[in-house]
Amino acid sequence: MRFETDAVHAGTRPDPTTGAVMPPIHPSSTFAQDEPGVHKGFDYSRTNNPTRSVLEAQIAALEGGKFALAFASGMAAADAVLHLLSRGDHVVAGNDLYGGTRRILTQVYERLGIRTTYVDARNPNAVERAVRPETKLAWLESPTNPLLRLSDLAACAAIAHGAGALCLADNTFATPYLQRPLDLGADIVLESTTKYLGGHSDVVGGALAVNDPDLRKRLAFIQNAVGGVPSPFDCWLVLRGIKTLALRVERGCANATALAGWLAAHEGIRAVHYPGLESHPQHDLAKRQMKLPGAMVSFELEGDLERAKRFVSATRLFTLAESLGGVESLIEIPALMTHASIPADERRKAGLPDALIRLSVGIEAVEDLREDLERALAAARG
Ligand code: P1T
């Protein structure tokens with residue numbers, strides 16, 4: 001089936017006992033067994049749960065993967081992948097990543113003897129140069145958070161495989177509607193389902209999608225052994241969100257395209273980062289790799305950090321908040337909020353300006369969003 005149809009139907013069918021059209025929420029923590037070890041496929045909800053199974057089947061279908069596993073957050077999903085590694089193993093990661101991803105790599109796994117080299121992953125050669133004999137994983141975000149840089153996922157996956165390493169693509173900014181990294185050669189796709197898949201800023205969750213049955217088995221072992229699983233109710237919220245994913249992302253992209261173009265032409269704006277703009281250095285790659293350029297935009301105002309702070313505090317429709325991917329528009333300053341856990345010199349090395357402003361463009365009327373930004377620009381100037 002096509003994506004929009006899968007988003008509504010994959011993994012679900014009317015409940016055989018009641019005819020319920022929507023999948024039931026199964027809060028049961030445990031399941032009756034006929035004899036010890038003989039059951040209907042479920043024994044304990046950390047290991048598996050019927051509502052979670054529906055979500056996992058749904059996400060696997062959307063990513064074009066054979067399997068998916070759901071987690072309590074995007075970071076719990078990331079943690080499960082990093083648990084595949086052992087002391088002495090090495091990771092090559094993009095240098096523009098969600099701050100929490102950088103934090104778990106440097107402040108949790110580095111301490112356990114797993115080293116990460118950060119590279120400008122816009123350039124596949126930089127990924128290749130950083131590979132060592134002990135490299136086991138390439139960790140990419142495309143587009144990146146918050147600078148909206150792209151990685152050529154097919155080229156980077158080929159480099160990782162050449163080195164005997166796995167390639168992970170964090171697909172949170174793109175969503176499976178715009179980009180399917182497994183089709184491009186990635187071994188693991190990570191989604192923070194908190195964002196576009198959930199879509200309504202009312203749930204925290206994460207997911208991994210893979211094709212290789214052995215990799216699925218190893219990750220499912222970690223999922224059960226470590227236990228970072230989502231509640232059945234949270235699974236159901238994500239399932240409900242997914243049904244409208246294509247519609248929401250389509251509208252968010254249209255709004256973001258309009259706002260990015262408008263900002264780029266506006267006086268007092270130093271730079272706009274949006275893969276849909278022809279001025280974006282990787283616009284051609286965006287067209288090749290993504291169905292649409294996404295609904296995240298970042299930009300820099302002329303002036304200092306104080307001016308940027310005045311601006312983000314002056315919007316009324318754009319809520320000043322972390323996170324992204326909900327129906328409502330959000331605004332933030334990554335260096336002070338989502339990426340504050342990255343030391344200032346590391347942020348500078350990665351080219352992340354302190355005064356960068358990030359928008360998560362929602363599905364509201366674009367004229368209202370534009371007027372809100374215009375008003376806030378005037379307020380920040382004054
Ligand atoms: O917040 P959580 O569901 O644990 O997901 C973590 C995560 C992973 N990957 C990317 C690309 C992300 O952007 C995030 C979370 N990001 C934010 C909260 C943010 O505002 O950028």
Side-chain angles (χ1 to χ4, degrees), residues 55 59 63 69-82 93-109 121 139-151 153 168-176 178-179 181 186 188-209 223 226 228-231 234-235 237-238 241 249 252 273 275 290 294-298 312 318-326 328-342 347 350 352 356-362:
L55 175 62
I59 291 176
E63 300 285 355
L69 296 165
F71 291 86
S73 67
M75 290 322 301
D79 179 67
V81 174
L82 295 171
N95 63 3
D96 187 37
L97 293 175
Y98 167 56
T101 304
R102 186 114 176 187
R103 179 173 55 201
I104 195 174
L105 286 166
T106 55
Q107 294 185 48
V108 180
Y109 280 88
W139 190 292
L140 303 164
E141 259 178 35
S142 189
T144 59
N145 180 1
L147 284 163
L148 285 307
R149 293 172 173 172
L150 271 54
S151 282
L153 293 174
L168 175 143
D170 184 332
N171 204 36
T172 299
F173 269 34
T175 84
L178 302 184
Q179 174 173 281
I188 306 173
V189 175
L190 186 151
E191 301 281 353
S192 165
T193 57
T194 314
K195 317 303 184 206
Y196 292 98
L197 273 65
H200 297 76
S201 302
D202 54 9
V203 61
V204 171
L208 302 173
Q223 182 193 40
V226 177
V229 294
S231 77
D234 286 356
C235 292
L237 281 172
V238 177
V249 171
H273 310 283
M290 302 173 72
M296 298 298 294
V297 178
S298 59
V312 300
F318 278 87
T319 302
L320 177 59
E322 304 201 3
S323 204
L324 57 122
E328 74 293 333
S329 293
L330 302 178
I331 191 165
E332 67 129 2
I333 296 184
L336 301 181
M337 298 167 68
T338 51
H339 293 66
S341 63
I342 304 174
R347 290 201 305 265
L352 169 52
L356 186 83
I357 293 163
R358 189 187 78 180
L359 303 178
S360 170
V361 181

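Numbering starts at 1 and runs along the sequence shown. Order of listing sets the numbers, starting from 1, for every ligand and every atom in it. Small disclaimer: the values here were computed from a predicted structure and weren't measured.
Considering CZ of Phe173 and CG of Leu178, their distance stands at 12.5 Å, rounded to 0.5 Å. In this structure, CG in Asn171 is found 5.0 Å from CD in Gln179, a value given to the nearest 0.5 Å. Note that the CE atom of Met296 and the OG1 atom of Thr172 stand 10.5 Å from one another [nearest 0.5 Å].
In terms of protein heavy atoms, atom 3 (O) of ligand 1 is closest to Thr194 OG1, 2.6 Å. For atom 5 (O) of ligand 1, the closest non-hydrogen atom of the protein is Ser192 OG, 3.1 Å. Looking only at protein heavy atoms, the nearest one to atom 18 (C) of ligand 1 is Lys195 NZ, 3.0 Å. From the protein, the heavy atom lying nearest to atom 7 (C) of ligand 1 is Tyr98 CD2, 3.4 Å. For atom 8 (C) of ligand 1, the closest heavy atom belonging to the protein is Asp170 OD2, 3.6 Å. In this structure, atom 2 (P) of ligand 1 lies nearest to the protein heavy atom Gly74 N, 3.4 Å.
The shortest heavy-atom distance from Ser323 to ligand 1 is under 4.0 Å. Using a non-hydrogen distance threshold of 4.0 Å, Glu332 does not register as a contact of ligand 1. A heavy-atom separation below 4.0 Å is not found between Pro146 and ligand 1.
Annotation: Asn145 places an N or O atom under 3.5 Å from an N or O atom of ligand 1; distance criterion only. By the 3.5 Å distance cut-off applied to N or O atoms, Leu190 is not counted among the residues near ligand 1. In terms of polar-atom proximity, Glu141 is not counted as a contact of ligand 1, lacking any N or O under 3.5 Å from an N or O of the ligand. Residue Met75 has at least one nitrogen or oxygen atom sitting less than 3.5 Å from a nitrogen or oxygen atom of ligand 1, judged on distance alone.
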Criterion side-chain hydrogen bond (donor to acceptor under 3.5 Å, both in side chains) on Thr338 and Glu332, from CA distance to verdict:
CA-CA 8 Å; Thr338 51; Glu332 67 129 2; 2.7 Å; yes
Passes side-chain hydrogen bond (donor to acceptor under 3.5 Å, both in side chains), Ser201 versus Glu328? Steps please.
CA-CA 8 Å; Ser201 302; Glu328 74 293 333; 2.6 Å; yes
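With His339 as reference, Leu352 is the one residue of Ile333, Leu352, Leu356, Leu97 to meet the side chain to side chain contact (heavy atoms under 4.5 Å, CB included) rule.
Neither the backbone nor the side chain of His339 has any atom closer than 4.0 Å to an atom of ligand 1 (non-hydrogen atoms only). No part of Leu97 comes within 4.0 Å of ligand 1, judged by heavy-atom distances.
Counting all heavy atoms, side chain and backbone alike, Ala186 lies closest to Ala169 at CB-CB, 4.2 Å. Residues Asp202 and Leu237 share a closest heavy-atom pair of O-CD1, 3.6 Å. Shown here for Lys195 and Ser323, the closest heavy-atom pair between the two residues is NZ-OG, 3.1 Å. Of all heavy-atom pairs spanning Arg358 and Asn145, the tightest one is NH1-OD1, 2.7 Å.
Taking every heavy atom of Gly205 and a limit of under 4.0 angstrom, the matching atoms of ligand 1 come to 3 (O). Numbered from 1 in the order shown, with element, the atoms of ligand 1 that lie under 4.0 Å from a heavy atom of Ser73 read 3 (O), 4 (O).
Pairs of residues two or more places apart, or lying in two chains, that qualify as side chain to side chain donor-acceptor pair (under 3.5 Å) and include a residue from residues 97-106 are Arg102-Glu346.
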